Undergrad: 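Attaching a single structure in structure tokens format; questions to follow.
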There are 2 protein chains.
Amino acid sequence: MAKISKKELIIEQSRKSFSQLGYELTSLESIAKECGITKPAIYYHFKDKATLYKAVVCPEFTALAQKIEESTQIGNAVERLNAYIHTFGEFLISNPDFSAIFAREIANGSKTIPDECIEQLSRTIKQLINILHTGTSEGVFEEESPFLVQMMIVTPLISCHTTRPLRERIANFTQNEIIPLEPHFKNIIESLSKKIIKGLQC
Amino acid sequence: MAKISKKELIIEQSRKSFSQLGYELTSLESIAKECGITKPAIYYHFKDKATLYKAVVCPEFTALAQKIEESTQIGNAVERLNAYIHTFGEFLISNPDFSAIFAREIANGSKTIPDECIEQLSRTIKQLINILHTGTSEGVFEEESPFLVQMMIVTPLISCHTTRPLRERIANFTQNEIIPLEPHFKNIIESLSKKIIKGLQC
DNA sequence: ATAATTTTACTTACCGTTCAGTAAGGAGAA
DNA sequence: TTCTCCTTACTGAACGGTAAGTAAAATTAT
């Protein structure tokens, strides 16, 4: 059994709660309860709720930026863009709480994202800018706003996770129609990557 | 000057607040204040906060479904898909509060969306299913999950609006890099439409 | 036409609850 | 003894929602 500090335990439970309920509806007392401690114990480890949120969120963005940078170093522009998309998608698989947290931030104007995370995000964007620029220089990609490409990658993948209940409810209303079963997420990553690359190619 | 009932005024102010702050952070007292009335006056017109939210949200989804249905009747599959995407994009322009509200619902598992809205959403999805099916029958489109296509359309367009502050903050960190100015929204719609159609075509 | 009554559209005052955050103290380890 | 890591007990503010009352408009009765 791995030794896990109480501080780490608080962060893990908080991540689940922030992901499922969002920042506002997450109560520190319920987190404490699930950790088997009391609320002021959280205040012993973290200054306030916002600081706890940062402690949850920052490592995720840092890990994402790290993985993106590592995986998009080699290959031609098409290969690197493909790696960018797949790395992001697989990050969402291995960090199941990240989708909902990031989706809320996107919906929210990112008011609650600390600067440290923005810096990490800018690392990934820089990488994407580099890939796209290389691609246009090589004449394989049409010129396109990196922010648009980023949104074409990030938001559909994220919302695959967050819209599951929505899709189920919609499917109830479209009974008579034949709705193809949703493919597994790895197929979605692959499918999205192909389409985006195809859409960008000259 | 158009005659506007107080009930309509409450709905309009609520829409702004729900869009800017989200459901939880919207306080009925602040809405009342901006309408020049008191909180119980809202309760005279609406049973509770959730009912008020429905009154804000339902007409938007209905109008969207209506416009989508109208605009995607004629033409071949490519033209109809193009119309679908443009109609959705232009709806976001003429309903500036809708993006944030919908984005929050997507992030949220759509817990607070009433069934009435889901029904309207299913109308638009049915239309998209029809378009894609026609396209594959005609051999112009590859087969693809309508939900994925829907997300490729909806989420980037929505997040164009909600991520504006995020993009600005990111741009601050990438000073030294050349970040192309973000194109205007109509160009984004056009650009996204082209890419999605290109990505889907055989 | 006018008086009586009811309904509309609110207001003031308040309740109960929830929640972030704090003060003070205590048990156990070093 | 002192530091770490917590607990008990609490404060203050905000919020959703309600009870009770009221001025003015609309409706009905005389």
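Note on naming: letters A, B, ... go to the chains in the order of the sequence lines (proteins, then strands), and numbering restarts at 1 for each one. Only a predicted model underlies this, so the values are computations on that prediction, with no experimental measurement involved.
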Undergrad: Please tell me if B:His45 has a side-chain N or O lying less than 4.0 Å from either OP1 or OP2 of C:dC10.
TA: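 Answer yes for this pair, as a side-chain N or O of B:His45 is under 4.0 Å from OP1 or OP2.
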
Undergrad: Just jot down the side-chain hydrogen bond (donor to acceptor under 3.5 Å, both in side chains) partners of A:Glu70, sequence neighbours excluded, or say none.
TA: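 Scan of A:Glu70 (side-chain hydrogen bond (donor to acceptor under 3.5 Å, both in side chains), adjacent residues dropped) gives A:Gln66.
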
Undergrad: Identify, with sequence neighbours excluded, every residue that meets side chain to side chain contact (heavy atoms under 4.5 Å, CB included) alongside A:Lys39.
TA: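 A:Lys39 satisfies side chain to side chain contact (heavy atoms under 4.5 Å, CB included) with A:Leu28, A:Glu29, A:Tyr43 once adjacent residues are dropped.
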
Undergrad: Please give me every residue in residues 10-26 of chain A whose heavy atoms get under 4.0 Å of an atom in DNA chain C, ordered by residue number.
TA: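 Contacts with DNA chain C under 4.0 Å: A:Thr26.
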
Undergrad: For A:Asn172, which residues count as a side-chain hydrogen bond (donor to acceptor under 3.5 Å, both in side chains) partner, sequence neighbours excluded?
TA: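 Not a single residue meets the side-chain hydrogen bond (donor to acceptor under 3.5 Å, both in side chains) criterion with A:Asn172.
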
Undergrad: Report the distance from atom NZ of B:Lys7 to atom C1' of C:dT8, rounded to the nearest whole Å.
TA: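 Spelled out: NZ on B:Lys7 to C1' on C:dT8 is 13 Å.
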
Undergrad: Under 4.0 Å between a side-chain nitrogen and a carboxylate oxygen: does that hold for A:Glu90 and A:Lys186?
TA: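 No, no charged N to carboxylate O under 4.0 Å.
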
Undergrad: Could you pull out all residues at least two apart from A:Phe141 that satisfy ring pair (Phe, Tyr, Trp, His ring centres under 6.0 Å)?
TA: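 Once residues adjacent in sequence are excluded, A:Phe141 has no partner under the ring pair (Phe, Tyr, Trp, His ring centres under 6.0 Å) criterion.
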
Undergrad: Name every residue in residues 28-39 of chain A that has at least one heavy atom under 4.0 Å from any atom of DNA chain C, in order of residue number, or write none if there are no such residues.
TA: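 Under 4.0 Å from DNA chain C: A:Leu28, A:Lys39.
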
Undergrad: Is it the case that B:Tyr84 and B:Glu79 place a side-chain donor and acceptor less than 3.5 Å from each other?
TA: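 Note: B:Tyr84 and B:Glu79 side chains miss the donor-acceptor criterion.
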
Undergrad: Can you measure B:Ile42 atom CD1 to D:dT18 atom P for me and round it to whole angstrom units?
TA: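 Interatomic distance, CD1 of B:Ile42 to P of D:dT18: 14 Å.
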
Undergrad: Please report, rounded to the nearest Å, how far the C1' atom of D:dG16 is from the CZ atom of B:Phe46.
TA: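 About 16 Å, once rounded to whole Å.
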
Undergrad: Which whole-number value in Å describes the distance from A:Lys6 NZ to D:dT7 C1'?
TA: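 Rounded to the whole Å, the gap is 12 Å.
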
Undergrad: Going 5' to 3' through nucleotides 23-30 of chain C, assign each nucleotide B (protein heavy atom under 4.0 Å from a base atom), S (under 4.0 Å only from sugar-phosphate atoms) or - (no protein heavy atom that close).
TA: --------

Undergrad: So if I take every side-chain heavy atom of B:Ser27 and compare against C:dG21, D:dG16, C:dC10, which nucleotide ends up nearest?
TA: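 Looking only at side-chain atoms, B:Ser27 lies closest to D:dG16.
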
Undergrad: Examine D:dG17: is either OP1 or OP2 under 4.0 Å from a nitrogen or oxygen in the side chain of B:Tyr43? Give yes or no.
TA: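 Result: yes.
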
Undergrad: Looking at residues at least two apart in the chain, or sitting in another chain, which of them share a salt bridge (charged side-chain N to carboxylate O under 4.0 Å, His left out) with A:Lys198?
TA: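 Counting only residues at least two positions away or on another chain, A:Lys198 forms a salt bridge (charged side-chain N to carboxylate O under 4.0 Å, His left out) with B:Glu142.
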
Undergrad: Just to verify, what does A:Glu69 make a side-chain hydrogen bond (donor to acceptor under 3.5 Å, both in side chains) with, not counting sequence neighbours?
TA: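 In terms of side-chain hydrogen bond (donor to acceptor under 3.5 Å, both in side chains), with neighbours along the sequence ignored, A:Glu69 is linked to A:Arg123.
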
Undergrad: Residues two or more places apart in sequence or in another chain: which of them pass side chain to side chain contact (heavy atoms under 4.5 Å, CB included) with A:Ser19?
TA: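 Partners of A:Ser19 under the side chain to side chain contact (heavy atoms under 4.5 Å, CB included) test: A:Asp97, A:Ala100, A:Ile101.
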
Undergrad: What is the separation between atom CG on B:Asp48 and atom C1' on D:dG17, rounded to the nearest whole Å?
TA: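 Rounded to whole Å, this separation is 9 Å.
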
Undergrad: Is there a side-chain contact between A:Tyr44 and the phosphate of D:dC5, meaning an N or O under 4.0 Å from OP1 or OP2?
TA: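 For D:dC5, OP1/OP2 do have a side-chain N/O of A:Tyr44 under 4.0 Å.
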
Undergrad: What pairs with B:Asp48 under side-chain hydrogen bond (donor to acceptor under 3.5 Å, both in side chains), at least two apart in sequence or on another chain?
TA: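 Testing B:Asp48 for side-chain hydrogen bond (donor to acceptor under 3.5 Å, both in side chains), a comparison that skips the adjacent residues, returns B:Thr51.
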
Undergrad: Kindly write out the residues that satisfy side chain to side chain contact (heavy atoms under 4.5 Å, CB included) with B:Ser110, not counting sequence neighbours, or none if the list is empty.
TA: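 B:Ser110 satisfies side chain to side chain contact (heavy atoms under 4.5 Å, CB included) with A:Leu166, B:Glu105, B:Ile113 only.
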
